[in-house]
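Beneath this line is the structure, given in structure tokens, with notes to follow.
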Amino acid sequence: MKSKTVIDLKGIIKRFYVGMSNELEILHGIDLQVHEGEFVSIVGASGSGKTTMMNIIGVLDRPTEGNYTLDGVDVARAKDRELSLIRNQKIGFVFQTYNLIGRTSALKNVELPMLYAGLGKRERSERGKELLEMVGMESRFDHNPDELSGGQKQRVAIARAMANDPSIILADEPTGALDSRTGRMIMDIFHRLNQEQKKTIVLITHSQELAEETGRIVTLKDGEVVGERRGNGC
Amino acid sequence: MLVWENILLAFHSLRANKMRSLLTMLGIIIGIASVIAIMTLGDSISSSVTDSMASMGANNITMGVRQKSSATETTDSGMTFSFGPRMAQPTEEDYITEEMLYDLSSRYEEAIEGFSLQEMVGSGTARQGALYAYVSAVGVNEVSLENTDLTLLSGRLLTERDQQEGRKVALASDLLVEQMFDGDNSGAIGKTLDVLFDDRYYSYTIVGVYEYEASDMGFSSSSDEDTETTLYLPLQAARNQTHNTSGYRQLTILTASGVSASDFGEEVQEYMNRRWYGSNESFEINAMSMESVIESMTEMLSTVSLAIAAIAGISLLVGGIGVMNIMLVSITERTREIGTRKALGAANGSIRLQFIMEAVVICLIGGAIGILLGIGIAAAATSLMGYAVSPSVPGILLSVSFSVFIGVFFGYYPANKAAKMNPIEALRYE
């Protein structure tokens with residue numbers, strides 16, 4: 001069965017300092033398709049263009065050339081306002097540094113994307129609690145981030161990424177700041193989301209070991225896709 | 001709904017930085033407090049003064065002799081010198097005479113209801129054995145007595161015959177009766193009161209006792225025994241005692257109803273000076289109605305208020321810049337938060353609104369504290385001066401809206417800066 005394409009990158013080129021003497025091309029024409037329900041990892045050493053690619057996939061940045069269709073929407077040349085909406089509705093970010101809003105309870109953090117989506121207070125609170133329960137944080141609704149351990153913070157962040165039921169979850173080194181045991185727990189959550197909820201997950205990592213767990217491994221080097229192979233997962 | 005969420009958010013981040021928030025608000029607090037204090041003080045004073053002046057009769061015109069403001073002399077060589085006021089007392093020749101009053105009343109028969117005439121005798125001490133009471137004796141004519149609004153407790157007021165014959169009778173206060181006659185108001189009627197003025201005793205027969213009312217201007221002395229009360233005498237009796245036969249230095253014109261006191265006052269002044277004082281070198285007539293006094297007083301107060309409000313405005317400007325400064329610090333500190341919010345789908349407008357609301361909330365809380373502080377200061381000041389405090393409602397409304405304005409105005413630039421941040425750079429900010 002051929003499922004639909006969620007991420008469709010065609011000939012993505014990204015240059016910085018365009019038109020200046022120090023013009024720099026980071027991505028030299030990337031083609032990548034990610035299908036619904038896939039768990040893909042993008043690996044590469046630092047300087048390989050991973051981060052730039054993640055920014056483009058996460059529509060935090062626009063490609064200089066090329067086409068990007070996300071869940072059927074052409075986002076390469078969308079306006080700022082539209083990009084905010086796409087980030088809000090179609091993408092769930094999980095960062096290496098968690099990026100929870102300080103002095104704000106776990107529940108409020110999870111509610112935030114729903115707030116920007118314009119959901120009512122009751123709805124936000126109900127869904128937020130549901131999501132926190134899903135990641136095993138039901139006893140920590142009212143805790144502020146500084147009262148949580150790294151693993152707990154990352155679980156809250158995953159719940160937050162799921163808030164508006166996005167098309168993809170984009171995880172940038174989600175276990176990079178965690179010890180291996182906690183990292184394992186986080187990876188298990190991703191596997192669960194992928195298998196039970198059929199979430200499309202793009203994992204960006206420099207760890208070959210983690211990448212092996214995923215369904216497909218895309219290797220990036222010097223701004224080009226140099227290898228693509230099946231992983232052990234799925 | 002997003003506005004409400006932003007207000008909560010703003011409170012949240014202010015609570016997180018209590019000290020900093022308070023210091024930031026200080027400029028706003030001081031500015032608003034001084035505006036409110038001044039406006040409340042001005043309102044309280046002018047309403048109290050207006051009330052007490054109105055009770056003295058806004059339709060009355062006070063006419064008096066005053067020194068000409070400058071005498072101009074021309075020397076032989078043709079040079080003109082202006083002399084500043086040289087202090088001089090008007091002599092009896094300069095006083096307003098009966099003849100002038102007669103002329104005035106026949107000329108303005110319609111407008112003038114009467115002249116309230118008084119002759120100040122001065123302060124004295126009533127004595128009877130070891131008992132004593134301080135009095136200030138004043139001769140009054142019938143119009144003046146009517147206008148004084150006394151509450152008679154026993155006896156009678158001064159009659160026409162008392163006036164015509166210059167009888168040595170007097171109206172005494174119940175306070176004096178308390179001290180001299182054991183508080184027996186009716187028993188005091190017909191008693192003789194010996195009063196020492198300078199070195200001479202004068203005797204009066206008490207014909208009436210009136211109720212003493214403490215001055216509402218708040219300058220009454222501490223104890224009842226030392227209070228100087230007024231002893232009302234027939235005008236003629238007082239003039240006989242002071243040997244004043246020529247006229248009056250000051251008197252009050254009662255105008256008929258429907259006459260504009262301030263306009264009529266000017267007309268009387270102009271007429272009197274032209275008719276009677278044109279040849280007087282150093283004195284002239286000044287006729288002023290309470291109405292015009294109140295007007296000029298209110299005008300002066302509002303000018304002072306305006307000047308102080310301008311100074312407070314500068315304080316608010318400085319306060320606003322302080323708010324802008326702290327907002328800039330705040331968004332720099334929270335760059336990652338801004339990046340995260342953008343990654344989670346916050347539109348630029350939402351970020352801008354968030355920080356503008358934060359600035360507005362700082363200014364509004366500062367404004368609210370300032371208003372309370374200002375009213376407190378004004379209440380303390382007015383109670384010291386003995387006026388009733390009346391908070392200036394337009395002042396409060398003005399302050400609140402001005403606080404919001406400062407918040408939006410000085411919050412916009414930092415908020416816009418936050419809104420326009422590049423999410424990638426903001427997320428990577430260390």
Side-chain angles (χ1 to χ4, degrees), chain A residues 14 16 51-62 79-105 108-124 144-146 157 160-164 166 170 172, chain B residues 1-21 326 329-358 361-362 415-430:
Chain A
K14 180 67 188 177
F16 289 97
T51 304
T52 308
M53 193 159 151
M54 181 201 124
N55 288 340
I56 288 172
I57 293 175
V59 301
L60 289 166
D61 204 355
R62 295 185 185 83
K79 294 192 185 76
D80 275 359
R81 183 79 190 83
E82 293 160 352
L83 292 186
S84 306
L85 207 64
I86 290 161
R87 285 196 294 267
N88 185 237
Q89 301 289 328
K90 296 194 182 295
I91 300 166
F93 286 93
V94 179
F95 302 97
Q96 179 177 2
T97 48
Y98 328 118
N99 285 17
L100 297 181
I101 308 293
R103 300 185 214 95
T104 308
S105 72
K108 290 273 177 213
N109 262 287
V110 177
E111 285 182 18
L112 203 54
M114 298 186 260
L115 179 69
Y116 289 128
L119 263 66
K121 192 176 164 65
R122 195 193 204 98
E123 220 177 333
R124 293 201 305 262
N144 286 355
D146 52 6
R160 184 177 67 181
M162 292 288 292
N164 287 333
L170 196 54
D172 181 18
Chain B
M1 34 116 246
L2 207 56
V3 172
W4 179 241
E5 293 292 339
N6 276 310
I7 291 172
L8 291 181
L9 203 64
F11 272 105
H12 209 81
S13 73
L14 294 187
R15 257 210 310 276
N17 278 310
K18 284 191 203 78
M19 192 61 190
R20 190 164 84 184
S21 307
I326 222 68
V329 171
S330 174
I331 65 157
T332 307
E333 273 181 2
R334 287 152 72 185
T335 301
R336 278 182 73 121
E337 178 191 322
I338 293 162
T340 307
R341 286 177 183 277
K342 289 195 152 193
L344 296 179
N348 291 357
S350 312
I351 302 283
R352 192 181 297 124
L353 184 66
Q354 177 190 342
F355 285 97
I356 286 179
M357 286 314 293
E358 198 168 312
V361 167
I362 290 179
N416 202 40
K417 203 176 156 190
K420 289 202 168 138
M421 272 183 188
N422 181 336
I424 301 167
E425 283 164 25
L427 275 169
R428 305 256 166 249
Y429 186 84
E430 292 298 329

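We name chains A, B, ... by the order of the sequence lines, and we start the count at 1 in each one. Just so we're clear, the structure is a prediction, and the values are computed from it rather than from any experiment.
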So which heavy atom on [X] is nearest to which on [Y], and how close?
X      : Y      : answer
A/Y116 : B/G345 : CB-O, 4.0 Å
A/N55  : B/I424 : ND2-CG2, 3.3 Å
A/R87  : B/K342 : NE-O, 2.8 Å
A/R81  : B/A347 : NH1-CB, 3.4 Å
B/A346 : A/S84  : O-OG, 3.8 Å

- Task: Let me know if B/E425 has heavy atoms under 4.5 Å from chain A in its side chain, its backbone, both or neither.
- Result: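 Neither; nothing under 4.5 Å.
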
Is it the side chain or the backbone of [X] that comes within 4.5 Å of chain B heavy atoms, both, or neither?
X      : value
A/D172 : side chain
A/D61  : both
A/L60  : both

Worksheet entry | Within-4.5 Å side-chain heavy-atom neighbours: A/R160 and B/T340 | yes

With chain B, the option among A/I91, A/T97, A/V59, A/D80 that has the most non-hydrogen atom pairs under 4.5 Å is A/T97

Exercise. Can B/R428 and A/T51 be counted as having a side-chain donor-acceptor contact under 3.5 angstrom?
Worked result: no

Working to the nearest 0.5 angstrom, can you tell me the gap between A/L100 CG and B/E337 CD?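 It comes to 11.0 Å.
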
Could you state the interatomic distance from CG (A/L115) to CG (B/L9), rounded to the nearest 0.5 Å?
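CG of B/L9 is found 8.5 Å from CG of A/L115.
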
Donor-acceptor pair, side chain of A/R103 and main chain of B/H12, under 3.5 angstrom: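 No.
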
